[in-house]
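Reviewing the structure listed below.
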Amino acid sequence: MTSLSLALALSAQIQLRGQYPLQFFFLDEGFGTLDPELLDTVITSLEKLHDDRLAVGVISHVPELRARLPRKLVVIPAGEAGNGSRVVLETL
């Protein structure tokens, strides 16, 4: 919760310094070590943050978190055959 609060506070301070409001920020979550109850609290908090004026992007490998996010940009790594990486939009 402290990490999430710090990220949100830093985002708010960056918003206040800019001439134009940023309408999104990315959070490299680091929530992999949270117990299921605390993870649910964090996810619920992130869901409440999203509105028409603010989007929160979460970089995550945690399946429970990924399952609750309604839209995902999934990065598919480059293949061995030399293909480049791809980005796919997934929606619930």
Side-chain angles (χ1 to χ4, degrees):
M1 291 305 288
T2 303
S3 178
L4 176 60
S5 297
L6 179 60
L8 294 174
L10 286 172
S11 173
Q13 289 302 309
I14 291 169
Q15 294 271 355
L16 292 173
R17 292 180 186 261
Q19 181 178 3
Y20 302 102
L22 300 174
Q23 296 175 328
F24 67 92
F25 75 95
F26 282 95
L27 179 62
D28 190 356
E29 47 83 5
F31 300 134
T33 59
L34 298 180
D35 64 70
E37 185 177 316
L38 191 51
L39 182 61
D40 182 61
T41 301
V42 168
I43 295 170
T44 301
S45 299
L46 290 172
E47 289 171 339
K48 289 179 181 178
L49 282 175
H50 180 78
D51 62 22
D52 291 334
R53 295 170 291 151
L54 177 65
V56 179
V58 179
I59 301 168
S60 180
H61 68 280
V62 177
E64 296 84 4
L65 183 58
R66 292 173 56 194
R68 295 242 326 242
L69 299 174
R71 291 180 298 213
K72 296 175 247 344
L73 287 177
V74 179
V75 178
I76 301 169
E80 291 182 21
N83 329 17
S85 58
R86 297 182 299 130
V87 178
V88 178
L89 175 63
E90 291 182 1
T91 58
L92 290 178

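Worth saying up front: this structure is predicted, and the values here are computed from it rather than measured.
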Could you see if L73 belongs to whatever hydrophobic cluster contains V58? Use Ile, Leu, Val, Met, Phe, Trp, Tyr and a side-chain cutoff under 4.5 Å. no
Worksheet item: Taking a hydrophobic cluster as the set of Ile, Leu, Val, Met, Phe, Trp and Tyr residues connected by side-chain heavy atoms closer than 4.5 Å, whether directly or through intermediates, do V74 and V87 fall within one such cluster?
Response: no
*asked:* My understanding is that only residues two or more places apart in sequence, or in another chain, count here; which of them pass side chain to side chain donor-acceptor pair (under 3.5 Å) with S85?
replied: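 Side chain to side chain donor-acceptor pair (under 3.5 Å) check on S85 returns nothing, list empty.
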Compare every heavy atom of [Y] with every heavy atom of [X], then report the nearest pair and how far apart it is.
| X | Y | value |
| --- | --- | --- |
| V88 | I76 | CG2-CD1, 3.5 Å |
| L38 | D35 | N-OD1, 2.9 Å |
| E64 | I43 | O-CD1, 3.9 Å |

- Task: Measure the OG1-CG distance between T44 and L39 for me, rounded to the nearest 0.5 Å.
- Result: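 That separation rounds to 9.0 Å.
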Contacts of R86 meeting salt bridge (charged side-chain N to carboxylate O under 4.0 Å, His left out) (sequence neighbours excluded), chain-then-number -> none
Sorted by chain and residue number, the side-chain contact (heavy atoms from CB on, under 4.5 Å) partners of L6 (sequence neighbours excluded) come out as L10
